[in-house]
J.: 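Please see the structure below; I have some questions.
Being a predicted model, the structure only gives us computed values, none of them experimental.
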Amino acid sequence: MAGLPLHLLVSGAIVAGMLILATILILNSYNVHRQTLIKASGNSARQLADNLDTHLERLLEPIDSTLQILTLDPITRATSLETRRTRLPVLVRALESTPILSAVYAGYRDGSFMLLRKLNSRAARSAVQAPDGAAYLLQSIERSEAGEIISANWHFYNRERTLLEVQQKQDYRFDPRERPWYRQAEDSLETILTPPYLFYTTGEIGVTMARRNPINGTVIGVDASVDDLSILISTLQSTPGNEMAVVTDKGQVVAYPKLDRIIRVDTERGLRLANLDELGVPVLEQVARLRAGEMGEFTLDKEGWYGMVVPMSTSSRAGLRLLFAVPERELLAGAKEQSLNQVLWSGLAMLVLMLIGSKVGRVISQPLTTLSERIDALAAFDFSHSLHENSKVREVNQLGYTIDRMSRAISNFQTISRTLARERDLDLLVSRVTDNLVAITGAKAGMVYLYDDQHKMLRAASAAHPEWPGELACSISRVREQCDLVKAALDKKGVAVMATGLSDRQGDALGVLTLRFSEGSTMDEESFRRFVDEVSGSAATAIETRRQVETQQALIDAIIRLLADAIDAKSPYTSGHCERVPQLAEMLVDAAQDSKQEPFARFRMSETERQEFRIAAWLHDCGKVTSPEYVVDKATKLETIYNRIHEVRTRFEVLWRDAQIDYLKGVIEGGDEASLRHKMERVQRELQEEFAFVASSNTGGEFMPDEAIERLNTIARRSWVRHFDNRLGLSREEYDRLPPDAPPPPVREPLLADRPEHCVPWGDRRPPVEKDHPDNRWGFDMLLPQHAFNYGELYNLSVQKGTLNDEERFIINDHIVQTIRMLSALPLPKELRRVPDIAGNHHEKMDGNGYPRRLSGEQLSIPERVMALADVFEALTAADRPYKDAKTLSESLRILAFMVKDQHIDQATFELFLESGVYLRYAERFLSPEQIDAVDKRQLLALARG
C-alpha cells in the first residue's frame with residue numbers, strides 16, 4: 001500500500017531539512033572561497049609581473065645613465081680610430097661598472113664603428129680566437145668619405161689594457177647603420193630598448209640599449225644580459241605545479257624556470273631563443289591565446305587550469321608579457337578541503353539526527369513494521385528470512401507460520417528454475433531438482449531413475465539411499481509400467497513411495513521420480529497426486545533439454561572433427577595438421593591463463609569462450625576444402641593436373657627426329673656425310689643439354705637467378721612444326737580461350753611459350769578480397785593477381801623460388817579467405833560470434849603485413865596470437881610432410897625467434913611458449929625422439945628481442 005513507515009517519516013524530515021541547509025551553506029562557502037582564490041591568483045600574477053618589471057628597471061636604469069653620459073663623451077665626436085682608442089679607459093670603466101654589460105659600442109654616421117667586448121669566458125675567447133691573457137676585444141671599422149672601408153681591425157687587450165695583438169679582418173664588413181638598434185636610436189631622442197635575444201658570442205639572453213647624440217648623430221649602444229629573469233621567476237613560483245614564462249610579442253621565450261629549455265640550436269642560424277610552441281608546455285600555449293589582464297579558465301588533458309597574460313609595463317618597449325598558469329587542483333585545494341570538512345561535519349550531524357529520529361520512530365511503530373518488512377521481502381522474492389514470529393496473538397503466529405511455508409515453497413520453485421537455466425551437468429541437475437521437489441512436497445526423501453534405452457536399465461541419477469537399489473533391469477519403454485516396476489521393487493524393500501513417470505514431449509519414457517513420505521501424509525489424495533505430476537514435469541523438461549543439448553554438442557564436435565580429418569586426409573602435405581594445431585593452441589591458452597606476467601595477468605576464458613576457441617582451432621583451415629589439390633600438392637613448376645614436362649619432352653623428341661631427318665635427307669641429296677653427321681650430333685647434344693636444363697628448372701629446388709631465366713628464353717626461341725589442329729578435343733572453356741584468328745596447321749611454334757589461352761581470366765569468379773571491392777564485407781585487404789590461372793610455360797618455369805606462381809600462391813592464401821567466409825555464413829550463436837576471427841586471423845602478422853586483412857598486433861586478441869604461433873610451430877615440426885624433412889626442436893624455435901624479431905609472431909606469446917615449457921610438453925607428445933634436442937632459451941629470447 002502507498003505511504004511511508006513512521007520511523008522514516010520522522011528521521012527523513014529531520015535529515016532532509018538538514019541536508020538542504022547544509023548543501024546551500026557548503027555550495028555558497030565553496031563558491032566564495034573559489035572566487036577569492038582565483039582573484040588572489042590573478043593578483044599574484046600581477047605582483048609577479050611587477051616584481052619582474054622592478055627587477056628589470058633596477059638592472060637597466062644604471063645602464064641608461066651610463067648611456068646618457070657616453071653620448072656626451074668625446075668619443076662621439078672622434079673621427080679616427082686613434083682618437084677613439086684614447087677613450088678606451090672610459091669604455092672599460094663603463095663595462096666594469098655594471099656586471100650585466102657584455103659590450104659597449106659606437107656607430108657613426110659615416111658607417112665607422114667601434115665595439116669593446118668583455119672576454120670573461122673560455123667560450124667567448126675561443127669564439128674570437130683570442131690570444132692567451134686577453135680580457136677585452138676592441139673591434140673597429142673605419143670608412144672614407146666615400147663610404148669605403150679603410151681598415152677593419154680587432155685589438156686584444158689584457159686586464160691592464162695593454163695591447164696584446166692586432167688582427168686585420170678584411171672580411172669584417174659590418175655597417176652599424178643597417179642594424180636595428182642604430183635605426184631605432186636614430187629616430188628617437190630617448191634611450192631605445194630592443195626585445196631580448198640570444199648573444200651569439202656568450203650564449204646569454206640579453207637586450208641592446210642605444211641612445212643617439214643629438215648633435216652629431218653618433219649612436220652609443222650596450223649589450224646587457226637578463227639571464228637572471230629565469231632564476232627569479234623560479235624562486236617566485238606560488239605552487240609546485242604552476243607554470244610561468246616571459247615571452248616577447250613574437251612568441252619567443254625570454255625567461256622560464258628551466259633555462260636549458262629556452263636555448264635552441266639551428267643548423268642555419270646557430271643558437272637562438274626557443275619559440276613558445278617549442279618549449280613543450282602546452283598549458284602556456286593555451287594561456288597565450290587569452291586576452292591580456294583577464295583570468296581565464298580552461299581544460300587541458302582532462303585537468304582544469306586557470307591562466308593569465310600580464311603585460312610587463314615598465315619593459316613595454318621590449319614588448320614582454322608574463323604567462324601565468326596554475327592547476328585547478330592546487331589553486332582550489334583549500335576550498336575543496338574546507339568544503340569536504342563541512343560535508344563531513346554535516347554528514348555526521350545528519351547521521352546523529354537520523355539515528356535519533358529512526359530510534360524514536362521504531363519505538364512507536366515496531367509492532368506494525370516487523371511483519372510488514374518481512375512480507376515486503378517475500379514480495380521481492382527474498383526468501384532468506386523466516387516469517388514466523390513469536391507473538392502473544394494467536395492469529396499473528398498462525399499467519400507467520402502459513403506465510404513461512406509458502407515462502408519456502410516459492411523459494412524452492414525459484415531454485416528449480418535457476419538450476420534448470422544454469423546447470424550443465426545432467427546428474428547434478430537431476431539431483432538438485434529432486435532435492436527441491438522433496439522440499440516442496442514435504443517428502444522425507446526422493447530419487448530419480450533415468451531410463452537407458454540402449455542397455456534396458458533404470459539407473460539412479462544420484463547417489464542412492466542404502467535401502468533403495470541403484471539399478472533396475474527394465475525392458476519396458478512405457479511410462480506407466482516403469483512406475484509400477486519401480487514401486488514394486490521398493491515395496492519389496494519395505495520402502496513406501498509415490499512413483500511418477502517422466503516423459504519427453506513425444507511421450508517417450510525418460511525415467512521415474514519417486515518420493516517417500518512420512519506416515520499420515522496426504523500422498524493418496526487425488527489433488528496432491530496431480531500436483532506432484534505437474535511438479536515432476538519440470539524435472540522431465542530439464543532432463544530432455546539437457547540430453548538434447550549434450551547430443552547436439554556431441555554431434556557438432558563430431559562434425560567439426562570430421563571436417564578437420566577430411567582436410568588432413570585430402571592432402572598428404574597437411575596430414576595431421578588440423579588435429580595437432582588445436583591441441584597445441586589449447587596447451588598455450590592454459591599457460592596464458594596461469595601466467596602472472598603481462599599481458600596475460602588478467603587473461604581468463606570462461607567455459608563458453610573456451611568452447612568458442614576450441615571450435616575455431618579445429619576449423620582454422622576449413623577453407624582448404626576449396627583449395628585445388630594440384631595447387632596444394634604442386635611439386636613441379638609445370639604441374640597442373642599432371643606434370644606438363646612430358647609435353648615439353650615430346651617437342652624435344654620431335655626436334656631430335658627432325659635433326660635425324662635433316663641428316664638423312666642431306667645424305668640422300670649427295671651431301672658430305674661426315675659433315676652432316678657432325679651437325680646432327682651437335683644439334684642432338686644441344687637438345688639433350690637444353691632439355692636437362694629445362695627439366696632441372698621445373699623442379700624448383702634452388703633459387704633461379706636471372707641468367708638462368710635468360711637461358712630459358714633462349715631455349716624457348718627454338719621452334720618446331722605442329723601439323724595437327726590444336727582446336728580438336730577441347731572443352732568449351734578451353735576452346736573459348738583460343739585466339740579466333742589462329743592460322744591453320746602446319747604451324748611453326750616456339751619450343752616453350754606463354755600463349756593467350758594459357759591465361760584464365762577471373763570473369764564472374766573474381767573474389768571480393770580487394771580493399772575497395774563493393775562485396776568485401778569481411779575487411780579483406782589482399783592483392784589480386786591479374787588472372788585466375790596462368791599456365792604459361794615460360795611464366796611458370798621462370799618462377800625464381802619454389803614451384804608456385806603468383807596466381808597459385810594466391811589460391812593457397814585464399815584458403816583463409818574461404819575459412820572466414822564459410823564460418824561467417826554459419827548461423828553462429830552470440831557466444832560463438834568470434835569463431836571466424838579466431839580461426840581466420842592466424843596468418844596475420846604483428847607488423848600489419850599479414851593476410852587476409854593486414855591487421856596489426858594491436859588489433860589481434862590473445863587467442864588469435866596464440867593461433868598464429870601454434871600454426872607456424874606445428875608446420876615447422878611436422879614430420880608427415882612429403883615435401884620437407886621435419887625440423888628439430890631447436891631449429892624450429894630459432895626460426896620462430898627470427899619471426900618474432902621480424903614482427904611476424906607476437907613476442908609475449910613466444911616468451912610464454914618458452915618460459916611455460918609448452919614447447920617441450922608438445923614435443924614429448926608429438927615429436928619423434930630424434931627431433932627433441934637441447935634448447936638454449938636464453939639465446940632464443942635474446943634473439944627474439946633483437
Side-chain angles (χ1 to χ4, degrees), residues 560-561 563-592 610 613-625 627 632-633 812-813 815-816 819 835 838-846 850-851 860 862-900 902 904-933 935 940 944:
I560 291 172
R561 298 204 176 205
L563 180 58
D565 292 342
I567 295 170
D568 281 344
K570 179 181 177 183
S571 168
Y573 286 73
T574 59
S575 178
H577 176 75
C578 290
E579 181 178 355
R580 289 189 292 266
V581 167
Q583 298 184 64
L584 174 56
E586 290 207 64
M587 293 168 67
L588 195 48
V589 162
D590 289 336
R610 191 59 178 264
F613 179 78
R614 187 178 299 112
I615 292 174
W618 278 96
L619 295 178
H620 78 283
D621 272 347
C622 66
K624 285 185 177 178
V625 298
S627 300
V632 177
D633 299 345
I812 295 295
N813 294 345
H815 84 274
I816 203 66
T819 294
V835 165
I838 297 174
N841 290 340
H842 65 275
H843 284 295
E844 302 290 350
K845 299 178 181 178
M846 300 302 293
Y851 66 91
L860 298 176
I862 289 176
E864 291 164 353
R865 301 181 190 192
V866 165
M867 283 297 303
L869 187 145
D871 186 73
V872 173
F873 186 74
E874 192 285 330
L876 291 172
T877 57
D880 50 8
R881 307 291 173 89
Y883 61 87
K884 75 175 188 69
D885 294 329
K887 296 187 181 298
T888 65
L889 190 58
S890 61
E891 289 175 332
S892 302
L893 290 173
R894 185 172 179 82
I895 294 172
L896 269 184
F898 276 110
M899 295 181 71
V900 172
D902 295 337
H904 294 175
I905 298 295
D906 178 45
Q907 178 176 330
T909 306
F910 176 70
E911 292 179 359
L912 175 70
F913 188 50
L914 287 178
E915 298 292 354
S916 65
V918 169
Y919 76 95
L920 187 57
R921 294 197 297 273
Y922 176 82
E924 292 171 347
R925 184 174 176 183
F926 292 104
L927 272 58
S928 64
E930 295 78 16
Q931 290 180 261
I932 304 176
D933 56 357
V935 172
L940 291 171

J.: His904: which residues meet the ring pair (Phe, Tyr, Trp, His ring centres under 6.0 Å) condition with it, sequence neighbours left out?
T.: none
J.: Can you name the closest pair of heavy atoms from Glu844 and Gly850 and give their distance?
T.: OE1-C, 3.6 Å
J.: For residues 866-873, run the donor-acceptor check on the side chains, cut-off 3.5 Å, and write out each pair with its distance to 0.1 Å, sequence neighbours left out.
T.:
residue	atom	partner	partner atom	Å
Asp871	OD1	His577	NE2	2.9
Asp871	OD1	His620	NE2	3.3

J.: Could you measure the distance from the CG atom of Leu920 to the CG atom of Leu927? Nearest 0.5 Å is fine.
T.: 10.0 Å
J.: Work out which heavy atom in Leu896 is nearest to a heavy atom in Phe910; give both atom names and the distance.
T.: CB-CE1, 3.7 Å
J.: Does Gln931 form a side chain to side chain contact (heavy atoms under 4.5 Å, CB included) with Leu889? I'd like the steps, not just the answer.
T.: CA-CA 6 Å; Gln931 290 180 261; Leu889 190 58; 5.8 Å; no
J.: Could you tell me which residues satisfy salt bridge (Lys or Arg N to Asp or Glu O under 4.0 Å) with Arg614, sequence neighbours excluded, listed by chain and number?
T.: Glu586
J.: With no hydrogens and no angle check, is any side-chain donor or acceptor of Glu891 less than 3.5 Å from a backbone partner on Thr888?
T.: yes
J.: Considering only heavy atoms from C-beta outward, does the side chain of Gln583 approach that of Phe926 to under 4.5 Å?
T.: yes
J.: Minimum heavy-atom separation for Thr909 and Arg865, please, with both atom names.
T.: OG1-CB, 3.8 Å
J.: Indicate whether the side chain of Asn813 and that of His843 have a donor and an acceptor atom separated by less than 3.5 Å.
T.: no
J.: Is it true that a side-chain atom of Asp933 and a backbone atom of Ser890 form a donor plus acceptor pair closer than 3.5 Å?
T.: yes
J.: When you check the gap from the basic side-chain N to the acidic O, do Arg921 and Asp590 get nearer than 4.0 Å?
T.: no
J.: Within the 4.5 Å heavy-atom criterion, are Leu893 and Phe913 side-chain neighbours or not?
T.: yes
J.: With the side chain counted from C-beta on, respond yes when His842 and Val581 share a heavy-atom pair under 4.5 Å apart, and no when they do not.
T.: no
J.: How close do Tyr922 and Thr877 get, counting heavy atoms only, and between which atoms?
T.: CE2-OG1, 4.0 Å
J.: What is the minimum heavy-atom distance between Ala591 and Val918, and which atoms define it?
T.: CB-CG2, 3.8 Å
J.: What are the two closest heavy atoms between Leu940 and Val935, and how far apart are they?
T.: CD1-CG1, 3.5 Å
